[in-house]
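Below you'll find the structure, written out as structure tokens, and then a few comments.
So that the names make sense, note that chain A is the first sequence line, chain B the second, and so on, each numbered from 1.
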There are 2 protein chains.
Amino acid sequence: MRRGKPNDPGRRARILQATLDVIRAGGMEAASYRGIAAHAGVPLGSMTYYFPTLEGLILSALDTTRSDLEPRYADPLREAQTRDDVVDALVDATIGATSPTLDDIRLYAEIRHYGARNPKVADVLQAVEDDSLVMLHRVLPNSTALAINALLWGWWSHRLAHPDTALDELTVRQAFEALVNLPAPGHPFHEKEQNHA
Amino acid sequence: MRRGKPNDPGRRARILQATLDVIRAGGMEAASYRGIAAHAGVPLGSMTYYFPTLEGLILSALDTTRSDLEPRYADPLREAQTRDDVVDALVDATIGATSPTLDDIRLYAEIRHYGARNPKVADVLQAVEDDSLVMLHRVLPNSTALAINALLWGWWSHRLAHPDTALDELTVRQAFEALVNLPAPGHPFHEKEQNHA
DNA sequence: GCTTAGTGCGTACGCAAGTACATACCGGTT
DNA sequence: AACCGGTATGTACTTGCGTACGCACTAAGC
């Protein structure tokens, strides 16, 4: 019963990859069966064969970004032991070596944007964010992790809106430092001794 | 020479308003000539008459948000004298009385999103952001204003992604406090002093 | 070597969109 | 009253889209 062996294994994966490329380059509204088919070099019929609905294709493609991006930002945070390590990792993820390219930020922005109206995409977004929060939560209180997540996304958005002007590293670093050293709510005796006016 | 008096003055304005409504409700891709025409109660021909290109219509509509939103967030910040006042105004703009509704955040998100690919929209976005930065800069160093802008947008984005869970006020407040009290770069002994009032 | 189930593909239909344009309407001017 | 320029609209054309579906191809089973 080994009927139905795929004649072109990997075609499915190539379609998924092409989908992400198209979204990165032209946004979610550029993700049409025909456009992706042209980009992937497969006929239109193949698209509907592997992915009967367009939404299913997009969801599958977006979901693969999780496994692609997660280790990139997760590993440095996972290895961070002190709060300074955390700050270093965050600055790096914002503007440094492990930071996403503008294209990748664009892709992430598409997920956030689409997720605001599409519950299925919102689930994907939630999963990505949970990954990040869980990691931060290992060394920081929950509320601080939320604020840091918000700021990190804010910096990325800034890069997106100002692609030609680089963010000043000291500015980014001090902002993250200020948040990382926030006292845990309900535990005001956390030895922070930061400048609190 | 009083030829060409409009038969329905205000129709142009109503179309612009309907455009914003449609974008708020369904996003930029819902902004079609036909959909907006139906929402505004005008025939299709009126749309192309007043706004020959769809992009022009959208740009005009987005631009009107500047004059709508600006005073709402500007006034409290303009009246803020101490840094605590600034923090109050920021917390309020994030989750308080002057904070935008989810629909308005959605609209702002559309501007940011569209602005990432469309230079004309990017100009609108830049203008909105400049308004905000100029105000913050009255009482804070430039780099701090940048960070605060990033965090504010991050919080709004958070609300968008989690419409059903309210943000904790203390969390928001402490995060803003931490940023507002950052030392000015290059002037580490600025401490409590404000810039030119 | 025929059968057959699954893989892969080309074509066509229905729909909604932006746009172009000929036409009707209205209110001053003469 | 006749005219005329700007205002306003209905209609039709073209394009690109998702989708449906029938047919061709391939390889395992007999």
Side-chain angles (χ1 to χ4, degrees), chain A residues 1-62 110 113-114 117-121, chain B residues 1-62 110 113-114 117-121:
Chain A
M1 25 204 289
R2 296 297 309 122
R3 300 297 188 74
K5 211 177 54 177
N7 299 349
D8 180 2
R11 165 162 300 194
R12 193 189 147 92
R14 257 189 303 132
I15 292 177
L16 285 173
Q17 188 56 52
T19 302
L20 289 182
D21 289 346
V22 169
I23 293 177
R24 254 187 285 259
M28 206 72 88
E29 76 274 12
S32 70
Y33 271 142
R34 285 172 171 82
I36 296 169
H39 193 82
V42 304
L44 175 61
S46 280
M47 303 296 297
T48 79
Y49 175 71
Y50 284 103
F51 302 95
T53 79
L54 184 62
E55 188 187 38
L57 166 59
I58 291 177
L59 283 172
S60 301
L62 293 185
E110 295 292 338
H113 185 78
Y114 217 56
R117 294 198 153 83
N118 184 315
K120 306 269 189 59
V121 179
Chain B
M1 294 302 182
R2 297 300 306 126
R3 298 297 189 72
K5 211 177 53 178
N7 300 348
D8 180 2
R11 166 163 298 193
R12 193 189 146 93
R14 256 190 303 133
I15 292 177
L16 285 173
Q17 189 55 52
T19 303
L20 289 183
D21 289 346
V22 168
I23 293 176
R24 254 187 286 259
M28 206 72 90
E29 76 274 11
S32 70
Y33 271 142
R34 285 174 171 81
I36 296 169
H39 193 81
V42 303
L44 175 61
S46 279
M47 302 296 296
T48 76
Y49 175 70
Y50 284 102
F51 302 96
T53 79
L54 185 63
E55 188 188 37
L57 166 60
I58 291 178
L59 284 172
S60 301
L62 294 186
E110 295 292 337
H113 185 76
Y114 215 57
R117 295 182 201 279
N118 183 316
K120 307 268 189 61
V121 179

Query - Min side-chain heavy-atom separation B:T48-B:T53 under 4.5 Å - result: no

Query raised in the report: So what does A:T48 hit on the nucleic acid, given a heavy-atom distance under 4.0 Å: a base, only sugar-phosphate, or nothing?
Result: base

**Report entry** Between OG on residue A:S46 and CZ on residue A:R14, distance to nearest 0.5 Å
**Finding:** 9.0 Å

Query - C:dA16 OP1/OP2 closer than 4.0 Å to side-chain N/O of B:Y33 - result: no

Query raised in the report: Does some side-chain heavy atom of B:E55 sit less than 4.5 Å from a side-chain heavy atom of B:K120?
Result: yes

Query raised in the report: Closest nucleotide of DNA chain C for A:S46 versus for B:S32: which of these residues is on the 5' side?
Result: A:S46

Requested in this report: Report the distance from atom CG of B:L57 to atom P of C:dT19, rounded to the nearest whole Å.
Outcome: 11 Å

Query raised in the report: Any donor-acceptor pair under 3.5 Å between the side chain of A:R34 and the base of D:dG18?
Result: yes

Query raised in the report: Are the side chain of A:Y33 and the backbone of A:L54 linked by a donor-acceptor contact shorter than 3.5 Å?
Result: yes

**Report entry** N/O (side chain, A:Y49) to phosphate O (OP1/OP2, C:dT7) under 4.0 Å
**Finding:** yes

Query - Separation of atom CE in B:M47 from atom P in D:dA8, rounded to whole Å - result: 14 Å

Query raised in the report: Between B:E110 and B:I58, is any pair of side-chain heavy atoms under 4.5 Å apart?
Result: no

Query raised in the report: For the pair made of CD in A:E29 and P in D:dC17, what is the distance, rounded to whole Å?
Result: 12 Å

Query raised in the report: To the nearest 10 degrees, how far apart in direction are the end axes of the helix from C:dG1-D:dC30 to C:dT30-D:dA1, each fit to five base pairs?
Result: 30°

Query raised in the report: Could you state the CD1-C1' distance from A:I36 to D:dC17, rounded to the nearest angstrom?
Result: 12 Å

Report task. Would you tell me if any nitrogen or oxygen in the side chain of A:Y50 comes within less than 4.0 Å of OP1 or OP2 on C:dT7? Result -> no

